[in-house]
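Read through the structure below, which is laid out as structure tokens, and then see the notes.
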Amino acid sequence: MIICKGRAELNTMREANLIVARVLNELGSLVRPEITTGELDRRAEEMISKAGARSGFKGYHGYPANICTSVNDQIVHGIPNGRRLREGDIISIDVGVLYHGYYGDAAWTFPVGEVSAEAQKLLQATREALYKGIEKAVVGCRVSDISAAVQQHVESHGFSVVRDFVGHGVGTALHEEPQVPNYGKPGRGPKLQAGMVLAIEPMVNSRGPGVRVLEDRWTAVTADGGLSAHFEHSVAVTETGPWILSALD
Ligand code: MF3
Ligand code: CO
């Protein structure tokens, strides 16, 4: 069952996601050579608690940190630690908060200093694919119209969509129905209705789509060592079109 949210609930979800957006914006401004992923996690914790919220990830199935930081070939769920970023790295930062009973969830991939032309293309194509998907988050479309739009854009640039992780409904739980894959034929799955909130989150690999999970049982990396990018917004379907709840403005 897909839970549709009313106006007041959407307004609360906007507040939750605005906290997420402000944290991502701040962390993005801190990304530079020599900072550690653990320092980014501590800054996120400080901002989230100051805003009167809690991390939406800490303790989720035992997840040990406040945010996820996934560097280079890491796709998602990288655990912040003492790793120092280096010039030329890319870092995907995923932030989730729980605020007044509702979750906010968004992610962004940042370049560390100057990065390769290939990395720049990967970031651009993945970010564009997110917005192609968001364009389909409208009343009357079906879930897989989002999926197909994302996949089409990614593959037109020669990159691969990750299959092992998907987007999701979000609300009073971090993960609600429906699943929102980043691949598939259009015209399938549930019809979108006003009040649905979807976390749309393409994860895109520069080479093949294969995934391997590290010994820590969280960090997902590309099977072939290629780079990976991840952009995510929480988006409400409304009568007047998609409302990107996790946009900064
Ligand atoms: N944005 C990711 C998701 O929605 C982050 C989950 S990380 C976890 O699945 F730590 F909470 F698992
Ligand atoms: Co998510």
Side-chain angles (χ1 to χ4, degrees), residues 2-3 5 13-14 16-24 27-28 37-38 40-42 44-45 48 53-71 74-81 91-99 102-110 126-127 129-131 133-134 137 143 146-147 150 161-183 196-205 211 213-221 228-237 242-247:
I2 303 175
I3 300 163
K5 285 84 179 170
M13 290 195 72
R14 166 62 174 158
N17 278 288
L18 199 48
I19 297 169
V20 169
R22 287 175 179 147
V23 172
L24 270 176
L27 298 184
T37 54
L40 295 173
D41 187 78
R42 284 190 288 280
E45 179 173 39
I48 291 167
R54 295 204 282 123
S55 166
F57 299 164
K58 196 165 200 168
Y60 181 84
H61 292 280
Y63 185 73
N66 298 284
I67 61 173
C68 303
T69 52
S70 306
V71 180
Q74 298 176 351
I75 302 168
V76 285
H77 303 164
I79 303 170
N81 57 22
I91 179 171
S92 302
I93 302 178
D94 196 340
V95 176
V97 305
L98 177 61
Y99 180 75
Y102 289 85
Y103 284 87
D105 186 11
W108 207 260
T109 304
F110 301 95
T126 308
R127 188 177 60 241
L130 168 60
Y131 289 101
I134 290 172
V143 168
I146 298 171
S147 313
V150 170
V161 155
V162 170
R163 270 77 169 165
D164 298 62
F165 303 98
V166 297
H168 52 91
V170 57
T172 57
L174 178 61
H175 296 136
E176 295 183 354
E177 286 180 41
Q179 292 196 34
V180 186
N182 296 299
Y183 59 93
M196 291 181 177
V197 183
L198 305 174
I200 302 173
E201 49 178 320
M203 289 145 270
V204 175
N205 294 352
V211 172
V213 177
L214 299 186
E215 294 280 81
D216 64 17
R217 294 178 147 273
W218 279 104
T219 313
V221 300
S228 191
H230 179 207
F231 288 81
E232 174 179 29
H233 271 309
S234 291
V235 180
V237 177
W243 181 12
I244 305 175
L245 299 175
S246 49

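Note that the structure is predicted; figures quoted are calculated from it, not measured. Just so you know, ligand 1 is whichever comes first in the structure, and atom 1 is the first atom listed for that ligand.
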Looking at [X] and [Y], what are the two nearest heavy atoms and their distance?
X      : Y      : result
Ala44  : Ile67  : CB-CG2, 3.6 Å
Ile75  : His230 : O-CB, 4.1 Å
Ala137 : Val235 : CB-CG1, 4.1 Å
Gly104 : Asn17  : CA-OD1, 3.2 Å
Thr126 : Ala229 : OG1-CB, 3.6 Å
Lys5   : Gly171 : CE-CA, 3.7 Å

Just let me know how [X] lines up against ligand 1, side chain, backbone, both or neither, with a heavy-atom cut-off below 4.0 Å.
X      : answer
Cys68  : side chain
Tyr63  : side chain
Val76  : neither
Trp218 : side chain

(message) With a cutoff of 4.0 Å, is His61 in contact with ligand 1, counting heavy atoms of the residue only?
(response)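 The answer is no, since His61 has no heavy atom less than 4.0 Å from ligand 1.
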(request) Take every heavy atom of Lys58, measure it against each atom of ligand 1, and state whether any distance is under 4.0 Å. (result) no
(message) Please compare Tyr103, Phe165, Tyr60, Phe57 and report which has the shortest non-hydrogen distance to atom 6 (C) of ligand 1.
(response) Phe57
(request) Check whether any side-chain N or O of Gln74 sits under 3.5 Å from a backbone N or O of Val71 as a donor-acceptor pair, and report yes or no. (result) yes
(message) Checking a contact table here: which protein heavy atom is nearest atom 2 (C) of ligand 1, and how many Å away?
(response) Asp94 OD2, 3.1 Å
(request) Around atom 3 (C) of ligand 1, find the nearest protein heavy atom and jot down its residue, atom name and distance. (result) His175 NE2, 3.2 Å
(message) Is the shortest side-chain heavy-atom distance between Trp218 and Cys68 below 4.5 Å?
(response)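 The answer is no; the side chains never approach within 4.5 Å.
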(request) Could you tell me whether the side chain of Val162 reaches within less than 4.5 Å of the side chain of Asn182, counting heavy atoms only? (result)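 No; the side chains remain at least 4.5 Å from each other.
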(request) Return a yes/no value for Asp105: is any of its N or O atoms, backbone included, closer than 3.5 angstrom to an N or O of ligand 1? (result) yes
(request) Output yes when the distance from some N or O of ligand 1 to some N or O of His168 is under 3.5 Å, and no in every other case. (result)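 So ligand 1 has an N or O lying under 3.5 Å from an N or O of His168.
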(request) Give the intermediate values and the outcome of side-chain contact (heavy atoms from CB on, under 4.5 Å) for residues Trp108 and Val95. (result) CA-CA 9 Å; Trp108 207 260; Val95 176; over 6 Å; no
(request) Using a cut-off of 2.8 Å, find all protein N, O or S atoms closer to the Co ion (ligand 2) than that distance. (result)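 Near the Co ion (ligand 2), the protein supplies Asp105 OD2, His168 NE2, Glu201 OE2, Glu232 OE2.
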(request) Give the atoms of ligand 1, by number and element, whose distance to some non-hydrogen atom of His77 is under 4.0 Å. (result)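 In order of numbering, the contacting atoms are 6 (C), 7 (S).
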(request) Show which atoms of ligand 1 fall inside a sub-4.0 Å distance from at least one heavy-atom site of Glu232. (result) 1 (N)
(message) Applying side-chain hydrogen bond (donor to acceptor under 3.5 Å, both in side chains), can you list everything that pairs with Tyr131, at least two apart in sequence or on another chain?
(response) His233
